[in-house]
Amino acid sequence: MSCCSLDEESFRLCCGLFLRHADSLRDGWSWEQAPGLDEGYLRKTVLRSVKMNNSPDQGQEGASPALEHQRPEETDGAEQEQEVQQFSLTVASGDIDDIKGDDDDDDDGVCVVAEGSSRVIRYEYHILYSCSYRTPVLYFRAFTLEGRSLSLDEVWNTVHPNYKLRLQQSPWDTITQQEHPLLGQSFFVLHPCRTEEFMTPVVRAAQEEHREVNYVVTWLSVVGPVVGLDLPLSYSTQLPAASLRTSPD
């Protein structure tokens, strides 16, 4: 490869600045330390109402056996349970406009697809550093409110049509199911094989103009929306930039 790669120390610096801004917004991000390791990852759990194109029986039959009995970790106890109940009642009553929000507003962690029937899904997002690719990688898993994990087919069916069109030539090479490298559990992952393609021009342009960028923010702004993870605009306009140590491979 011939690209500008990100070292792990710069990744942690970007994450630290990212978390500082996330805390100011109460955006739900946290840093989780891997048990028994020096490594960690960014984590966020959100509820989304998404369009499900599957038939009623397909979800159960298509569920991944490796994930069938897993449950997402409890994060906020009674507060999380209350949030689930309130969210479910809002969707059931049809008051979708109360939770949809505008593109210009700060992201409240909820993304609604208004077309067709929808289902409330709990998403858990992890951002890790890949030593092999020397880039961030987005891992995630998705559960119904009953705790059943979505299959790869179901996850692909929740991708917005605009992104499906872009990924349709090789969707299974883009969103795959792998073992989480720090937790040893099955997660979906946006494969980092194309990160070089869209990040190298950004990093090189910044270097030529003597500008600093937050690699994690720029990268996540591109890959996150594919799986419903949007960032408020303030991450790009108000977050301090990070001085990245990059070097050609």
Side-chain angles (χ1 to χ4, degrees), residues 27-32 34-35 41-92 96 99-100 107-128 137-160 163-164 171-172 174-191 220 223-230:
D27 199 25
W29 286 97
S30 63
W31 178 263
E32 304 293 333
Y41 54 91
L42 289 172
R43 180 179 183 271
K44 182 178 184 180
T45 300
V46 300
L47 296 174
R48 296 176 54 223
S49 179
V50 299
K51 180 180 177 182
M52 301 294 291
N53 295 323
N54 293 344
S55 63
D57 294 332
Q58 182 177 352
Q60 187 66 30
E61 295 175 359
S64 168
L67 290 173
E68 185 70 39
H69 301 294
Q70 288 187 1
R71 298 290 192 272
E73 298 177 7
E74 294 299 327
T75 53
D76 297 321
E79 182 178 346
Q80 175 70 17
E81 181 65 25
Q82 183 179 9
E83 181 184 3
V84 170
Q85 293 175 357
Q86 292 177 345
F87 194 95
S88 302
L89 289 173
T90 303
V91 174
I96 296 297
I99 58 177
K100 184 181 298 184
D107 184 10
D108 59 0
V110 176
C111 175
V112 175
V113 180
E115 298 178 2
S117 60
S118 60
R119 169 180 285 181
V120 179
I121 302 297
R122 182 179 179 182
Y123 284 82
E124 182 180 339
Y125 301 102
H126 293 190
I127 297 175
L128 287 72
V137 183
L138 180 60
Y139 287 78
F140 69 99
R141 52 185 175 181
F143 297 87
T144 66
L145 294 185
E146 295 75 27
R148 182 184 66 80
S149 58
L150 269 62
S151 66
L152 183 57
D153 285 322
E154 290 174 308
V155 167
W156 177 245
N157 282 333
T158 66
V159 176
H160 192 280
Y163 296 107
K164 278 188 180 180
W172 309 117
T174 305
I175 301 177
T176 60
Q177 194 168 9
Q178 299 179 7
E179 182 178 288
H180 193 293
L182 300 182
L183 302 181
Q185 301 172 2
S186 293
F187 270 69
F188 301 109
V189 60
L190 282 173
H191 200 278
L220 190 57
V223 304
V226 175
V227 291
L229 180 57
D230 298 310

Pairwise distance CG(L190) to CG(L229) - rounded to 0.5 angstrom: 9.5 Å

Return the CZ to CD1 distance between R43 and I127, rounded to the nearest 0.5 Å. 12.5 Å

Sequence neighbours excluded, the answer for side-chain hydrogen bond (donor to acceptor under 3.5 Å, both in side chains) partners of Y123 is R48, T158

Between P225 and L220 the two heavy atoms that sit nearest each other are CD-O, 3.6 Å

With a 4.5 Å limit on heavy-atom distance, are the side chains of [X] and [Y] in contact?
| X | Y | result |
| --- | --- | --- |
| S149 | R141 | no |
| F143 | L150 | no |
| L47 | I121 | no |
| V159 | I175 | yes |
| F188 | V227 | no |

Is the Y41 ring parallel, tilted or perpendicular to the H126 ring (thresholds 30°, 60°)? parallel

Should the pair F187 and H180 be assigned to parallel (<30°), tilted (30 to 60°) or perpendicular (>60°) ring geometry? perpendicular

Taking only residues two or more places apart in sequence, or in another chain, which ones meet Q178 in a side chain to side chain contact (heavy atoms under 4.5 Å, CB included)? Y139, T176, V189, H191

